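Notes for the one structure printed next.
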Amino acid sequence: MPQVETVRGPVDVDSLGMTLMHEHVFVLNEEVRENYPGDWNEDDRVDDAIGKLNSLAARGCQTIVDPTVLGLGRDIHRIKRVADGIELNIIVATGLYTYNEVPFYFKFRFPAEDGTDPMTAMFVNDITTGIADTGVKAAFLKCAIDDEGMTPGVERVLRAVARAHKETGAPVTVHTHPQSGTGRDVVRVLREEGADLGKVVLGHSGDTSDLDYLSELADAGCVLGMDRFGIDVITPLEERVSTVVAMCERGYAGSMVLSHDAACYIDWFPQEAIPMFAPSWHYEHLFNDVFPALRERGVTADQMNTMLVANPRRYFSG
Ligand SMILES: [Zn+2]
């Protein structure tokens, strides 16, 4: 039985159960938080996360996959405190989140002549040895490309991630901007690096309803992240549902995963603004609104199980 690392240690992939493949716990600028703590209270925030994740578990979710890496405020000590208070599995990531340049820390730590990047060794260490002194191992790799496209910094991180994937076998999740077709750019570079595209989630693919684009990437072997349910300001619920229904009708249930890209706490926005611009952007929107809509539109229990259980299990099965 293949195993996958979680915050509480390795578990059989068969025990992952219903898995939401892209949910953050905390998204923070740690440097801002340290210097301008405002009303941040560590214990309150941890308790709040435990409450929200226990509610999610009560709906039937057994695992969340948290792609919070450098650039998004990864803090595994804080995540461990949350994991200790919940039944749910949390799977954590390594990698780097940027839409353009690499941080200065990396800028002058150059890749070698043969392309070997010092980032790769850091990512590999997180996967094979563990993250800092936490004893927690990352189980997948994360990077990003947005509407700025394949900038030199984005390409450097993507190639470093691909090499860590090849060295460890850990799967990959890439934040993409499907409206500008960046999933295709990711596939091109990952192919050059010899990555296993079956182990690659193209995150946020569900932001587009371009079925031919989605089919092309699924045919290339990639998993499509239909993973922003609740961010209706980018793509409304009805359009997200219709796209998943149409892709199921085309036979692509085996190539899709469902999630919200939500967080217990994200500091990108004033907290009071979030329920105003995105009232459904929380961990339970799938259960409240999306699953009933998909079932009503003819998505079968078998297809639901494929997207929520079987595809995540395959992704983490080595
Ligand atoms: Zn995300």
Side-chain angles (χ1 to χ4, degrees), residues 7 19-30 49 52-53 56 61 63-76 78-79 82 88-100 103 123 126 138-148 154 157-158 161 170-180 182-183 186 199-208 217 222-235 237 240 256-269 271 273-274 277-278 280-286 290 307-308 311-312 315-316:
V7 174
T19 302
L20 302 189
M21 285 281 280
H22 193 126
E23 306 294 349
H24 301 272
V25 183
F26 299 104
V27 176
L28 294 168
N29 183 314
E30 277 294 323
K52 286 171 177 165
L53 290 168
L56 172 62
C61 175
T63 304
I64 62 163
V65 177
D66 181 352
T68 306
V69 291
L70 297 190
L72 294 170
R74 185 180 73 172
D75 181 340
I76 300 302
R78 185 181 295 131
I79 296 294
V82 173
L88 205 96
N89 301 305
I90 303 177
I91 296 175
V92 298
T94 185
L96 176 61
Y97 186 89
T98 179
Y99 294 172
N100 37 60
F123 301 157
D126 281 354
F140 71 112
L141 292 137
K142 165 78 182 297
C143 59
I145 180 170
D146 204 79
D147 61 356
E148 293 166 62
V154 162
V157 178
L158 181 58
V161 159
V172 177
T173 290
V174 186
H175 162 113
T176 66
H177 186 262
Q179 302 90 327
S180 50
T182 56
V186 171
K199 294 290 176 188
V200 176
V201 169
L202 296 175
H204 316 330
S205 290
D207 286 359
T208 184
L217 296 172
C222 298
V223 180
L224 306 171
M226 315 308 268
D227 53 15
R228 276 182 156 177
F229 280 99
I231 312 187
D232 297 353
V233 290
I234 295 177
T235 308
L237 171 63
R240 292 183 187 279
M256 292 188 284
V257 291
L258 308 178
S259 211
H260 305 98
D261 196 11
C264 290
Y265 188 97
I266 175 167
D267 73 358
W268 288 15
F269 315 97
Q271 294 307 293
I274 296 172
F277 76 80
S280 300
W281 193 27
H282 56 75
Y283 294 146
E284 295 184 55
H285 174 50
L286 284 172
V290 179
M307 293 186 282
L308 291 164
N311 294 344
Y315 177 77
F316 285 112

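One-based numbering, in listed order, for ligands and for the atoms of each. The structure displayed is predicted, hence computed values, not measured ones.
- Between the side chain of Asp267 and the backbone N or O of Asn29 there is at least one donor-acceptor pair closer than 3.5 Å.
- Checking side-chain atoms of Arg240 against main-chain N and O of Thr235 turns up a donor-acceptor pair under 3.5 Å.
- With hydrogens and angles ignored, the 3.5 Å screen pairs no side-chain donor or acceptor of Glu30 with any backbone N or O of Gly71.
- Shown here are the protein N/O/S atoms lying under 2.8 Å from the Zn ion (ligand 1), water excluded: His22 NE2, His24 NE2, Asp261 OD1.
- When each of Thr98, Asp227, Asp146, Asp261 is checked for a side-chain hydrogen bond (donor to acceptor under 3.5 Å, both in side chains) with His175, only Asp146 meets the rule.
- Ring centers of His22 and His204: under 6.0 Å apart, within the cut-off.
- The pair Lys52-Glu23 fails the salt-bridge criterion, with no side-chain N (NZ, NE, NH1 or NH2) lying under 4.0 Å from an Asp/Glu carboxylate O.
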